[in-house]
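When a ligand or atom number is given, it counts from 1 through the structure's own listing order.
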Amino acid sequence: MAVLMTTLGPLRADQLGMILPHEHVFVDLRTCDKPGYAEAYAADVIKLMAPEIERARAAGVTAIVESSPVGVGRRADLDKAVSDATGFPIIVPTGIYREPWVPPWAHAADEDALYHWMLGELKGNIGGTGVQAGWIKLSVGDNGITPTEAKIVRAAARAAAAVNAVIGSHTIRGQVVREQVDLIERTGYSARRFIWIHTQAEPDFALHLEMGRRGCWIEYDNIGTPGTDDAHIQNILRLLEAGLGDRLLLSHDRGWYDPAQPNGGVPQPYTYLSEVFLPKLREAGVDEATIHLLTHTNPFNAFARE
Ligand SMILES: [Zn+2]
């Protein structure tokens, strides 16, 4: 039976509804050598983010995928605190962001050590938090994969393959996605368990089609960015026409508590998809069954494992 590994334990598809596959509860985009990096009190994070979780829940959202890996302020304990305070499940990743956010210990570690670390978090829990990692989040450079990033991708492919986890990678250029999926397949894992995070950043739609046909998840995850709705709807209709509706994920890439800002900054709500975008998609002729596929079934299938 496929389950989603969440902060509230494993959940089945029949226990969940709409899932947002790419959001953030907590992020620090400074590198880890900066003073105060990734530091915050749980009470402050709860105070800022619990109301956003409640707004998402009121808009029909039943789970959120946290997309902050090691390197950009992953704090599974803070995700867990927000989750416990709201009774709302969050899916937390293992994995490491790209250079220059790769921490010194990960530069120093060899591929085997990184593999064992990621597998340990996917099978056990993240640093004594009691949170089992639900997926692997990575990133690679915009102009190609560095040797350190390649080491991390290979380790991730091996760890993900061991438990059928999905790998999502922040990748701006389609050409670099192709290289990454080549590397994952050479390491023995599958394009079908790879999410191209920020697909919309690649202007060449032919690459969206190519990677979707190859089996990758295509993720349009800046829904709600002003002025992008029409382009998103056009791309979604083209993917549906190409028979790739079961490869498509939609999210906002919003939130979050930012420790670099006073009091965590001003969070962006997780509600645009439900309240504004999906009604526009219906108006454009997308039927209810397809909306359900895109917002319920696909995110569950992408992140769930046996
Ligand atoms: Zn993000």
Check your understanding: How is the N/O/S atom of D253 that comes nearest to the Zn ion (ligand 1) named?
Key ->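 Of all N, O or S atoms belonging to D253, OD1 is the one nearest the Zn ion (ligand 1).
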Review point. Can you tell me the N, O or S atom of H24 that's nearest the Zn ion (ligand 1)?
Key: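 For H24, the N/O/S atom sitting closest to the Zn ion (ligand 1) is NE2.
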Practice item. May I ask you to establish whether R55 and Y270 are in a cation-pi arrangement, using a distance under 6.0 Å from NZ or CZ to the six-membered ring centre and at most 45° from the ring axis? Key: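 Not satisfied by the 6.0 Å and 45° rule.
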Exercise for review: Using a 4.5 Å cut-off on heavy atoms from C-beta on, say whether the side chain of P93 contacts that of I136.
Suggested key: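 Heavy-atom side-chain distance check fails, nothing below 4.5 Å.
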Check your understanding: Under 2.8 Å from the Zn ion (ligand 1), is there an N/O/S atom belonging to H22?
Key ->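 Of the N, O and S atoms in H22, at least one lies under 2.8 Å from the Zn ion (ligand 1), which means yes.
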Point to revise | Electrostatic pair R154:E111 at N-O distance under 4.0 angstrom | key: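 Judged by the 4.0 Å cut-off on N to carboxylate O distance, R154 and E111 do form a salt bridge.
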Check your understanding: Would you call K280-D229 a salt bridge at under 4.0 Å N-O?
Key ->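 Yes, charged N to carboxylate O under 4.0 Å.
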